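Residue numbers start from 1 in every chain, and the chains themselves are labelled A, B, ... in the order their sequence lines are given, proteins ahead of strands. Not measured: the values here are computed from a predicted model.
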There are 2 protein chains.
Amino acid sequence: MKDHVRKYGPAAIGGRLRRLSESIDEDARRIYAEFGVSFEQRWVGVLYELVQDGPLSVGELAARLGITHVSVSQTRQSLERAGIITAEVDSSDARRRQLKLTVSGAKLVRQLKPLWQALDRAAVELNNEAQDVISALDRLDDALARRSQFDRIRDQLKQT
Amino acid sequence: MKDHVRKYGPAAIGGRLRRLSESIDEDARRIYAEFGVSFEQRWVGVLYELVQDGPLSVGELAARLGITHVSVSQTRQSLERAGIITAEVDSSDARRRQLKLTVSGAKLVRQLKPLWQALDRAAVELNNEAQDVISALDRLDDALARRSQFDRIRDQLKQT
DNA sequence: GAATAATATGTAGGCACCTACATATATGCA
DNA sequence: TGCATATATGTAGGTGCCTACATATTATTC
């Protein structure tokens with residue numbers, strides 16, 4: 001089945017990246033469910049950063065995680081509903097929200113520590129077995145940072 | 001910004017795969033928009049297969065593309081609404097739908113041919129510049145096929 | 001001080017998939 | 001032939017992001 005997709009070569013790179021991420025996300029989801037925890041994958045990065053250096057603003061988290069502020073904003077809303085964090089207006093800048101762990105949030109994080117360690121180790125094992133996919137992703141990131149796919153495609157169109 | 005994400009190493013592989021795919025998809029979307037075509041990325045694989053070997057059933061397309069039948073089913077609905085394909089009940093098996101290009105669908109495909117060629121070439125260029133990401137994805141696919149991330153994580157938990 | 005520009009975060013809608021569950025049809029076996 | 005099983009496709013809801021647009025606040029300039 002998967003072998004059929006390989007015939008497309010680089011043309012299918014976007015789809016293949018997505019499907020791999022779906023697969024890895026789904027497996028993580030199953031593990032949380034088996035651990036008896038209601039948890040959203042997108043919470044991990046936010047929680048990790050808040051544990052390390054909280055409180056942090058929406059924008060700071062977005063920068064640290066390499067995602068848009070909108071994603072962080074949406075994630076913080078679900079985290080608040082779950083009682084894991086609070087998001088209070090910054091006292092020195094009313095535009096800004098300071099996100100920090102609640103007591104029960106910190107408790108959840110402690111509870112999840114062994115699971116996160118297992119997730120980390122499994123990821124390292126997978127990366128090693130696949131002969132350093134992460135470095136390949138770094139290279140892809142760098143190539144896209146140098147020149148967007150939009151510009152590349154447009155230039156190829158001009159040469160047609 | 002992106003450099004911050006790299007500190008997570010393999011632990012962030014799922015998220016990184018997803019974000020790269022979003023980035024590549026978004027750039028393709030912009031190109032279709034600039035080409036003056038209303039087009040959904042998910043249509044490409046279906047159309048490509050129908051051009052090659054149509055008519056095909058939902059299940060056959062799913063197998064060829066390496067995605068679920070549900071995704072194909074949903075994609076075929078949007079393709080039908082756009083008048084690009086028809087999906088008629090197979091005369092020899094009433095469970096099955098035969099998907100094929102309409103006349104205007106075939107015309108759209110012809111119109112898009114140069115764009116698809118440009119997309120292909122840009123993808124090859126990107127893959128070369130990133131020193132063969134596709135092979136890395138092949139290896140990742142193979143590693144996950146050998147052993148799921150779910151099983152890997154669970155085993156790591158047992159060793160804690 | 002007022003106007004303009006920059007900054008922080010939010011809402012709305014969309015994307016391309018996924019799993020769980022459901023229904024209809026075809027096949028195989030006793 | 002009837003029933004159990006397998007197969008094909010569909011509906012419903014969800015995932016974790018994204019862009020476009022919006023609003024409020026702060027900073028800068030004149």
Rounded to whole Å, please give me the gap between [atom1] in [X] and [atom2] in [N].
X: A:Arg81; N: D:dG14; atom1: CZ; atom2: P; result: 12 Å
X: B:Arg76; N: D:dT9; atom1: CZ; atom2: P; result: 10 Å
X: A:Ile24; N: C:dC17; atom1: CD1; atom2: P; result: 16 Å
X: A:Glu60; N: C:dA8; atom1: CD; atom2: P; result: 9 Å
X: B:Arg16; N: D:dG16; atom1: CZ; atom2: C1'; result: 17 Å
X: A:His69; N: C:dA8; atom1: NE2; atom2: P; result: 10 Å
X: B:Glu22; N: C:dA16; atom1: CD; atom2: P; result: 9 Å
X: B:Arg19; N: C:dC17; atom1: CZ; atom2: P; result: 18 Å

Tell whether [X] reaches the base of [N] with its side chain through a donor-acceptor pair below 3.5 angstrom.
X: B:Gln74; N: C:dC18; result: yes
X: A:Glu26; N: C:dC17; result: no
X: B:Arg95; N: D:dT7; result: yes

Within-4.5 Å side-chain heavy-atom neighbours: A:Gln111 and A:Lys107:
no
Using a heavy-atom cut-off of 4.0 Å across all strands, would you classify [X] as base, sugar-phosphate, or nothing?
X: B:Asp90; result: nothing
X: B:Arg97; result: sugar-phosphate
X: B:Ser21; result: nothing

Report yes if at least one side-chain N or O of [X] is closer than 4.0 Å to OP1 or OP2 of [N]; otherwise report no.
X: B:Gln77; N: D:dT11; answer: yes
X: B:Arg96; N: C:dA24; answer: no
X: B:Ser73; N: D:dG10; answer: yes

Heavy-atom count check: over 12 atoms from other residues, nucleotides or ligands less than 6.0 Å from A:Phe35 CZ?
yes
Hey, is OH on A:Tyr32 packed in by over 12 heavy atoms from elsewhere, all under 6.0 Å?
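Enclosed: over 12 neighbouring heavy atoms sit under 6.0 Å from OH of A:Tyr32.
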Along DNA chain D (nearest heavy atom to each residue), the more 5'-positioned of A:Ser92 and A:Phe39:
A:Phe39
Which heavy-atom pair separates B:Gln149 from A:Leu126 by the least distance, and what is that distance?
OE1-CD2, 3.7 Å
Step by step, work out the salt bridge (Lys or Arg N to Asp or Glu O under 4.0 Å) result for A:Arg146 and B:Glu129.
CA-CA 10 Å; A:Arg146 277 192 295 269; B:Glu129 190 174 318; 2.9 Å; yes
Between D:dA12, C:dA8, D:dC18, spot the one nearest the side chain of A:Ile67, thanks.
D:dC18
Given C:dC18, D:dT9, D:dT15, the nucleotide with the shortest approach to the side chain of B:Val70
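Looking only at side-chain atoms, B:Val70 lies closest to C:dC18.
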